[in-house]
Amino acid sequence: MNEQAATKDISDEIAVQINGMHKWYGDFHVLKDINLTVNAGERLVICGPSGSGKSTLIRCINRLEEHQQGDIIVDGIELTDDLKHIDAVRREVGMCFQHFNLFPHLSVLENCTLAPIWVRKTPKKEAEETAMEFLEKVKIPDQANKFPGQLSGGQQQRVAIARSLCMKPRIMLFDEPTSALDPEMISEVLDVMIDLAETGMTMLCVTHEMGFARKVAHRVIFMDQGEIIEQNEPEEFFHNPQSDRTKLFLSQILDH
Amino acid sequence: MSTATVSSTDQGFSLLRLWRNKESRSVIIQIITVAVLFAFFAFLISNAATNLERIGKNYNFAFLWEASNYDISQTMIAYTSQSSNFQAMIVGILNTLMVAIFGIITATLLGFFMGVVRLSNNFVANRMVYCVIEFIRNVPVLLHIVLIYGIVVNVLPHPKAAMNLADTFFLSNRGLYFPAPEFGDAFIFVTISFVAGIIGAFLFARHAHKVQDDTGKALPVFWASLGFIIGLPVVVYFISGMPLEWIPATQGKFNLKGGMPLKPEFLALWLALSVYTACFIAEIVRAGIVAIDYGQTEAAHALGISSGRSTQLVIIPQALRVIIPPLTSQYLNLTKNSSLAIAVGYMDIMGTIGGVSLNQTGREMECMTIVLVLYLAMSLMISAFMNWYNSRIKLVER
Amino acid sequence: MIKTISGIAAFAAAAIVSAGVSAGTLDDVKARGELNCIVTTGLTGFAFTDENGRWDGFDASYCRGLAAAVLGSGEKVKFVPTTGKTRFTALNSGEGDALFRNTTITMSRDVDLKLTFLGVNYYDGQGFMVPNSLGVSSAKELDGASVCIQTGTTTELNLADFFRANGISYEPVAIETNEEGQTNYLAGRCDVYTTDASGLAATRATFDDPGAHTVLPEIISKEPLGPAVRQGDDQWADVVRWVLNVVVAAEELGITQANVDKLAKGTDNPSINRVLGTEGNFGELLGLDKDWAVRVIKTMGNYGENFDRNIGPSTAIALQRGLNAQWTDGGLMYSPPVR
Amino acid sequence: MSTATDTVPASGAYEPGSHPDLAPPPGTTGPIRWMKDNLFSSPLSTVLTLISVYIVYTVVTSAGSWLVLDAVISADSREACQAIDSGACWAVIVSRFNLSIYGFYPDAERWRLNLAFILLFVALGPILFDNFPARKHMMKFSMAYPVIAYFLVVGGMGLEPVSTHLFGGVMLTLVIGLTGITCSLPIGILLALGRYSKLPVMRMVCTMFIEFIRGVPLIALLFVASVMLNYFLPPGVEFDLLFRVLIMVTFFASAYMAEVIRGGLQSMPKGQFEAADAMGLTYWQAMRLIILPQALKVSIPGIVNTFIGLYKDTTLVLIIGLLDVLGIMRSSLADPKWNGLAHEVYLYTAIFFFISCFAMSRYSLYLERKLHTGHKR
């Protein structure tokens, strides 16, 4: 399956492995027999029409959603009902949401230091130093003492990325990070994500930003109706889609 | 259910593993909760049993069937001091229901009226109602009750000098006396025609709805209903030879005799509860109507719907959706507040079974159990009814 | 939730621990250093608070006397005001140690409510008060009248019986406290106020024009008023009973608040000596000390003094001794001998 | 600024953006116009205005003379009052004023109540107002306040103990109200979390508790406290009446509080829970650090309203024989010197409650407005 995993910054270590995973919402079969292996350092873009289950898939990876059948192994830890495993996985996996989900009652800095202090038990001072470091990386160190409500959408999403990075995660999940943003703010978030990609972070990204996919992804996955229809290197994927559904989807999003 | 097995890295003993497992942990927590609660209640009940035994009492409801030995002034069913405590309880329940229902009706009417005045742009009326509302709702309802009772009893004249309206209505510090109806044999026809009128009005409304759906023609539903419900019984009443007489109260040696009295205790409780609750309802109504975006009115006007119609078709249905839930809790509050009857000696549930019966028989546990169950049942019934109504108007709105 | 439960558990545990072992009431009171005495919420002359919030009155004096006997000071009393309705529960639930609240002794209260009555400190009967303006001279003429009646009292039951027996009707106006009854009666909410004759007199005394109101001649019941304690604590019952008796005995023997100190030094009258503890060891037998009676009399006076000071002819309430005179004066006040 | 008398140039005479401001045409502003709009806009409105003015006039003149002009402030008894003037006899309030505030609390110890009352405001300041100076440090004092107040009011720690049966009047009202609110808040939070929980048993237990308490009147619960609660304690254990009442009042308030807070919890976007989960916070960490701080903030107006309700409901304790401010004033009606002065006494109590409740409801409005505008900070 993972034929083209030979790019130089991808290691052989497996970051996420999903075998024969199914999920239902009540009677509705959202994910059907998902098999997916992501190596450490690999950057994956998942696309597909809305309702295709792509968000659900990455939310299964840190168990915001429970799967009902199959295995998910993240960073060598199998996701089961065992709370210790879940906690361990969540410590290693960072996530950015479509609506940022920053904590409005905490300042930007507090947002960033909360999890390191409470989950990783980092001393406050150290946590703040780390946080400032990452805030600089996302280019908003000057906003550290503001509240999320005072920032623009693009800035908020960058804070959200910094917040996740403060936990020093090994894997980052992005759930449509730019789709709630005004057009002029998309690029500032994408720039940060591209910078992040250059550090060699394992990234799973649900997005419709095909430019981004072209630029950084090792692999693009297309999902529809709960199935992985097609996966390929970006260039191949865009220029030579195999299935009809992919072609239709690409024609819709690339034409507009 | 996850079919995944617990991975082999797990060590340690199984209880810890159960605690670490998300599902079994929730089961464990719940079992512990139930066990602790059970133990707690067992503790309470065993204490109660020990204590009752210590003073030689038991827990049984046989006293309900024994004679109550006390009199009650306002009863809706036949009741004497020889009736049982159970009958006294029924009297109490009916009295509670009566004051609650009367209260809910007047509070709603008064509340809607005040709410509408609060929305009017008439400065003086608006401010005046605002002051009244603020004053009344920031003073405890118990104070209103004793204050109004004090006014009714102290300010109104003695029955000998009762305020008298056309020798039919009398108002004194012994209460408000209405004439009592006396039904002739033929009155049954009027009753039947009234019921028939309601059914007729209902059928006509359905028919009118259908006609409007089919042809677009609006039939005069309101006037027709009025004709069916009021007109028909009136006609039957005259045809059957006016089989209803109203007998006003007359002066007795001490009191007014006969008639249908509303006792001062009832009046005080009813007025206080109505006025107090009405102030809350007024604010709910105002907030409900204000909450409807002015754009809705503008949209209705833009569609050419008349002002009155737009209120009826657009504003009210939406405002009701906002108004009903808080209104429900006001109705519940009013019903529960009616238990303050005890402050003026109105014999409601708290006054009969929770008051005199409790005291004369010394059966605190039994009586309080009954009281709690009765109020709970009443509250649940009102919530159920209002929830039903709420879901209905939601449906209509869609 | 776990927190709540552990909180409740800890709380329950603390409550149990703090309770310690419950001994007899006498020991409890001594240990507490305070007597919890159940009185009425306010009845002029019998138990009421003055402007400084101090309890006073015929019944309240007994509380002070009892506290003086047990604890050495008439000030070590906590008054628990109750309505007609809450008084027995207050006693049975342990909120009060003794009930001095013009309470009628009846068989059912004694037997069914599990109280122990200790004797009579005031012989009363239920009467009716009406304004003169009604022109009523007998209770039998009250057909159709509105009657103010305190709920949860024996008077309420007597009233129902009386009207039923005479085949006349009435409108009961339920009230909770004497103060409410008085307000309602004066405002004309009811034509008649019925309660114990002593209470009627006390109430009438507070009116602007007491002469405008008549207490009707019918006394429709026997109302022997007396203190009560919880059943099953004989030692405590004895203490309260003998406080009750000793003030009557004191009046009979001529012991007064003024001369008790002098007499307590010893007299030639063995009866007085026994009462005041200079002879015999009755105090110890009761579980008190030998001066207990001296303190009682010093605190509340003898029966006659207490009566005169609070409700007697010279007070506004102006009750005559009547049945409550000493047996030597033809009354019913008769203390068993202290010997 | 030009005035209305200026000639208005024909359109096009100005460059865009250089139009002067003109005053509105006459008759569209000013007091006359205001009256037309707000008093006489239609025949119905005119009638309403006239009726209202008449009512206000009658009430103000008659009540005014009774309340103020003909009132008597100092006299020894009701008769003395009536001998002086025909209006209200405020002398009864004057003579009972201290009683109505402090109850039967010993004279020598009353400074403790005064101190506790003053400290109450110091403690409330940082809780109620965001911009309170040195808020963080003062907050610590606020947290410690209940303990301080307990010792001040009840005694202990070197202060003369004062028995609870001496409590009465305004101070009893405040004791019940404040204890009720402080204890009910944590219990209410736990109940709300329980009702919002994913565990069915927990949810059921909390829901049943909340619905039971909300379904019965407070007075019934107080009766339970006064006649039944002692039966449920182990033999020999006694709680005094005030303590039992406080337990019931706390239960009562916490059920209502739970509903208010549940509203706040429900208004939390799902994303907040998910973000907390994704960061690996435990349930209690997520609740304490993320969800509750926000949910409580949204619920503050509701919490204040619950408090107002509770505060007014403290009057009910008079029915079971505790003398709160209404109870103690009512009992002065039994004093032969003052009996028959019900109106004065009730009015005094009403004004007392009005002032305190109105102030609180204004505060709640202020908060609501602040939450609306300052939602994003």
Side-chain angles (χ1 to χ4, degrees), chain B residues 29 32-33 35-37 39-40 43-44 51 54-57 63 68-74 80-82 146 149-150 152-160 172-175 252-257 261 263-265 342-347 351 354-364, chain C residues 1-2 4-6 8-9 12 83-89 92-94 108-109 111-115 130 134-136 141-149 151-154 156-157 159-161 163-164 169-176 180 183-184 186-192 230-232:
Chain B
I29 293 178
I32 293 175
T33 313
V36 169
L37 277 178
F40 182 65
F43 171 72
L44 293 185
N51 284 325
R54 198 168 52 107
I55 54 170
K57 282 188 174 182
F63 74 96
S68 66
N69 288 325
Y70 62 92
D71 284 302
I72 298 176
S73 66
Q74 187 172 330
T80 69
S81 59
Q82 293 310 296
V146 291
Y149 186 63
V152 170
V153 165
N154 287 301
V155 177
L156 292 182
H158 194 266
K160 293 268 187 259
S172 73
N173 66 1
R174 300 282 164 83
K253 182 172 174 199
F254 297 101
N255 267 323
L256 291 158
K257 269 191 195 157
K263 296 286 165 69
E265 290 77 25
I342 200 161
V344 288
Y346 177 70
M347 298 302 264
V356 185
S357 288
L358 180 153
N359 198 245
Q360 297 293 7
T361 61
R363 303 228 161 242
E364 299 99 350
Chain C
M1 194 61 206
I2 298 175
T4 339
I5 291 162
S6 55
I8 291 171
T83 62
K85 238 167 173 165
T86 56
R87 54 184 159 178
F88 300 126
T89 325
N92 267 336
S93 67
S108 71
R109 281 175 178 175
V111 178
D112 191 27
L113 291 184
K114 309 297 175 192
L115 306 175
V130 290
L134 279 183
V136 175
E141 297 166 32
L142 292 175
D143 192 12
S146 299
V147 183
C148 279
I149 174 77
T151 57
T153 58
T154 46
E156 188 177 35
L157 307 182
L159 183 72
D161 287 348
F163 276 86
R164 197 163 65 93
S169 67
Y170 69 109
E171 179 208 15
V173 179
I175 50 149
E176 283 283 320
E180 266 175 59
T183 322
N184 279 350
L186 284 179
R189 171 64 189 95
C190 42
D191 304 299
V192 188
R230 281 183 295 277
Q231 217 169 50

> Where the side chain of B/N173 meets the backbone of C/A187, is there a donor-acceptor pair that is under 3.5 Å apart?
Replying inline: yes

> Between B/L156, B/I342, B/T361, B/V152, which shows the greatest number of heavy-atom pairs under 4.5 Å with chain C?
Replying inline: B/I342

>> What part of C/E141 gets within 4.5 angstrom of chain B, counting heavy atoms only: side chain, backbone, both, or neither?
In response: both

> Is it the side chain or the backbone of C/L142 that comes within 4.5 Å of chain B heavy atoms, both, or neither?
Replying inline: both

> So what's closer than 4.5 Å to chain C heavy atoms on B/S81: side chain, backbone, both or neither?
Replying inline: side chain

> Is chain B contacted by the side chain of C/F163, its backbone, both, or neither, given a heavy-atom distance below 4.5 Å?
Replying inline: neither

> What part of B/Q74 gets closer than 4.5 Å to chain C, counting heavy atoms only: side chain, backbone, both or neither?
Replying inline: neither

>> Please classify the contact of B/Y346 with chain C as side chain, backbone, both or neither, using a heavy-atom distance under 4.5 Å.
In response: neither

>> Looking at B/R174, is its backbone amide N or carbonyl O close enough to the side chain of C/R189 to form a donor-acceptor pair, meaning the two atoms are under 3.5 Å apart?
In response: no

> Is it the backbone or the side chain of C/V136 that comes under 4.5 Å from a heavy atom of chain B, or both, or neither?
Replying inline: side chain

> What part of B/A39 gets closer than 4.5 Å to chain C, counting heavy atoms only: side chain, backbone, both or neither?
Replying inline: neither

> At a heavy-atom separation under 4.5 Å, does C/L157 approach chain B through its side chain, its backbone, both, or neither?
Replying inline: both

> Side chains of B/D71 and B/T80: donor-acceptor distance under 3.5 Å anywhere?
Replying inline: no

